[in-house]
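Heads up: the structure comes next, in structure tokens.
We use all heavy atoms of the structure for the numbers below, so side chains are in, but hydrogens, waters and symmetry mates are not. Labels below follow one simple rule: chain letters A, B, ... track the order of the sequence lines, proteins then strands, and each chain is numbered from 1.
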Number of protein chains: 2
Amino acid sequence: MPKRVDHAERRTEIAEALLRVAGHRGLHAVRMRDVAAEAGVSLRLVQYYFETKEKLLLYGLEHLTERFGERVAARLRAAGDAPGPRAVIEAILLASLPTDEASRTFHLVHTSYAVLAVTDEALAAQPFIRSPEAAENHLTELLRQAQEADLTHPGVDPRQDAIALLALSAGLGTSILVGHRTPESAVAVLERQLDGIFAA
Amino acid sequence: MPKRVDHAERRTEIAEALLRVAGHRGLHAVRMRDVAAEAGVSLRLVQYYFETKEKLLLYGLEHLTERFGERVAARLRAAGDAPGPRAVIEAILLASLPTDEASRTFHLVHTSYAVLAVTDEALAAQPFIRSPEAAENHLTELLRQAQEADLTHPGVDPRQDAIALLALSAGLGTSILVGHRTPESAVAVLERQLDGIFAA
DNA sequence: TGGTTCGTGATACGACCGTACCATCAACTT
DNA sequence: AAGTTGATGGTACGGTCGTATCACGAACCA
């Protein structure tokens, strides 16, 4: 046999090629041949490491959410040690706004997957579909802690406000994506919403 | 010639068939043949009234936004004569939440178009892409009037709060669509946000 | 009344895309 | 050394989809 190859690594390379293509041509326009060309391998190789296109797409989605998790973690580290609840919440919400190329790709491809998932049950069954629930629980807990530490204005409802924050940042992200809004103004809106929750 | 036919009417029928198909199979899965079958006409007819698929899609988008406008108008009428600013804002925001089949289709197809528009300049140039700006201006003006009439809490910023309301309802709409949230809980979140703006 | 034109159907064409198949070469084993 | 097996390339097949072509019938005009 030729040089034994690390399948996991190869699959990652191909998945990232998929995300690059999806990021600037749109997920709907992704062809197996495009992915192969972008990854610099032959079409046969893409077939070899992912038998079918559907499996490639599912793996690409996994990889996408994984990299998003890493980006959130990086922002949390950048927030210093023992960051306050507001700093943690900002890290999470700002990571999901399409401010740079990577997060733009994430948001576009994630939205594409979400749209597909509405009518595709194989996609709808994927775990990424339930990760928002985890984020909601996490944010709710953070707000509850902030409330107990008396860092919030009166009248805060951790669960309801967590839901609103997530929906708001998702909506803002989409409007950045389609060019209705600049990242800066979206951040300002988000900060304003946080000001309504956290006391100075 | 055979019985002279009303082109506009026929185009509308076909466009509605398009929206029905897009509404439950997804816009990406819409084929010319599906639209023809759904409309109960031959493939040739769809070609006849819309030369190309792209033109059909563009017209479908026009029709979609038009019908959305009618739905908002209907809600406004249902709000009674001389409704207050909050009632008007509620009419606008609640109309865009996917609460029934029609609004669900609207939200799904509209989102599909938005995703396509990110990478398709012909779609991006369509007027629907600037209608959110009009909505933002409208909401801003309503909030400003409410503020002058002393109906709001202090600290309201009409422009910023209008942006937040629109992004929030868009985000909530998407989470209803993908099944993360019930329409009822989304409405509750939206009402809560309005409570933070309008005085009792 | 005859011809022109609008509306409609059936079908064919050409392109593209995912997948399958076949061949080849290199390295590790025995 | 020989054979087996993993990795890779090239290419062909089958299906599908948008679009084009051909044909025909029915109404309106002159």
Side-chain angles (χ1 to χ4, degrees), chain A residues 1-61 109 112-113 116 119-123, chain B residues 1-61 109 112-113 116 119-123:
Chain A
M1 12 174 172
K3 51 186 158 90
R4 235 11 200 289
V5 136
D6 184 341
H7 273 221
E9 186 180 335
R10 196 61 80 104
R11 283 166 62 91
T12 297
E13 285 171 16
I14 295 176
E16 292 196 342
L18 161 70
L19 296 183
R20 282 196 299 276
V21 176
H24 76 97
R25 257 201 288 261
L27 188 64
H28 65 284
V30 169
R31 317 282 169 224
M32 297 283 277
R33 286 163 172 85
D34 300 333
V35 177
E38 174 71 28
V41 300
S42 74
L43 170 62
R44 180 67 183 86
L45 261 283
V46 179
Q47 287 185 257
Y48 184 70
Y49 290 102
F50 302 90
E51 266 105 279
T52 179
K53 185 182 182 181
E54 186 181 18
K55 291 181 182 172
L56 170 61
L57 290 180
L58 289 178
Y59 188 84
L61 179 56
V109 180
S112 301
Y113 273 113
L116 289 189
T119 52
D120 180 325
E121 58 183 56
L123 270 177
Chain B
M1 9 178 170
K3 52 186 158 95
R4 242 359 207 291
V5 136
D6 184 341
H7 274 220
E9 186 181 335
R10 195 63 80 102
R11 284 166 61 91
T12 297
E13 284 171 16
I14 295 176
E16 293 196 340
L18 161 68
L19 295 183
R20 282 196 299 275
V21 176
H24 76 97
R25 256 200 289 261
L27 188 65
H28 65 282
V30 169
R31 317 283 169 222
M32 298 283 278
R33 286 164 172 85
D34 299 333
V35 176
E38 175 72 28
V41 300
S42 74
L43 170 61
R44 178 68 183 86
L45 262 282
V46 180
Q47 288 185 257
Y48 184 70
Y49 290 102
F50 303 90
E51 267 103 279
T52 178
K53 185 183 183 180
E54 186 181 17
K55 291 180 182 173
L56 170 61
L57 290 180
L58 289 179
Y59 188 84
L61 178 56
V109 179
S112 301
Y113 272 114
L116 288 188
T119 52
D120 181 323
E121 58 183 55
L123 270 176

Worksheet entry | Interatomic distance where CG belongs to B/Leu45 and P belongs to D/dG18 [whole Å] | 16 Å
Response to the item:
The correct set of residues in residues 23-40 of chain A placing a heavy atom under 4.0 Å from DNA chain C is A/Val30, A/Arg31, A/Met32, A/Arg33
Worksheet item: Is B/Leu123 close to B/Leu57 at the side-chain level, that is, under 4.5 Å between some pair of heavy atoms?
Response: no
Practice prompt. Mind calculating the distance between CD1 (A/Ile14) and C1' (C/dG18) to the nearest angstrom?
Written response: 16 Å
Worksheet entry | Gap between atoms CZ and P, on A/Arg4 and D/dT8 respectively (whole Å) | 12 Å
Practice prompt. Check whether any side-chain N or O of B/Arg11 sits under 3.5 Å from a backbone N or O of B/Tyr49 as a donor-acceptor pair, and report yes or no.
Written response: yes
Worksheet item: Starting at CD of A/Gln47 and ending at P of C/dA23, how long is that distance when rounded to a whole Å?
Response: 17 Å
Worksheet item: What is the distance, rounded to the nearest whole Å, between atom CD of B/Glu13 and atom P of C/dT8?
Response: 10 Å
Practice prompt. Let me know the distance between OH of A/Tyr48 and P of D/dG9, rounded to the nearest Å.
Written response: 12 Å
Worksheet item: Ignoring hydrogens and angles, does a donor from either the side chain of A/Arg44 or the base of D/dG9 sit under 3.5 Å from an acceptor on the other?
Response: yes
Worksheet item: Does A/Thr52 or B/Leu43 map to a spot on DNA chain C nearer the 5' end, using the closest nucleotide for each?
Response: B/Leu43
Worksheet item: Would you call the rings of A/Tyr48 and A/His7 parallel, tilted or perpendicular, where under 30° means parallel and over 60° means perpendicular?
Response: perpendicular
Item to complete: Taking only the side-chain nitrogens and oxygens of A/His7, find out if one of them lies under 4.0 Å from OP1 or OP2 of D/dA7.
Response: yes
Practice prompt. Would you mind reporting whether A/Thr12 and A/Glu16 have side-chain heavy atoms less than 4.5 Å apart?
Written response: yes
Practice prompt. Please report, rounded to the nearest Å, how far the C1' atom of D/dA7 is from the CD atom of A/Glu9.
Written response: 15 Å
Discussion item. For a 4.5 angstrom cut-off between non-hydrogen side-chain atoms, does B/Val41 reach B/Glu13?
Written reply: no
Response to the item:
Separation of D/dG18 atom C1' from B/Phe50 atom CZ, nearest Å, is 16 Å
Worksheet entry | pair B/Leu18-B/Asp34: side-chain heavy atoms closer than 4.5 Å | no
Item to complete: Identify whether any heavy atom of A/Tyr49 sits under 4.0 Å from a base atom; if not, whether one sits that close to sugar-phosphate; answer base, sugar-phosphate or nothing.
Response: sugar-phosphate
Worksheet item: Is any side-chain heavy atom of A/Val30 closer than 4.5 Å to a side-chain heavy atom of A/Leu56?
Response: no
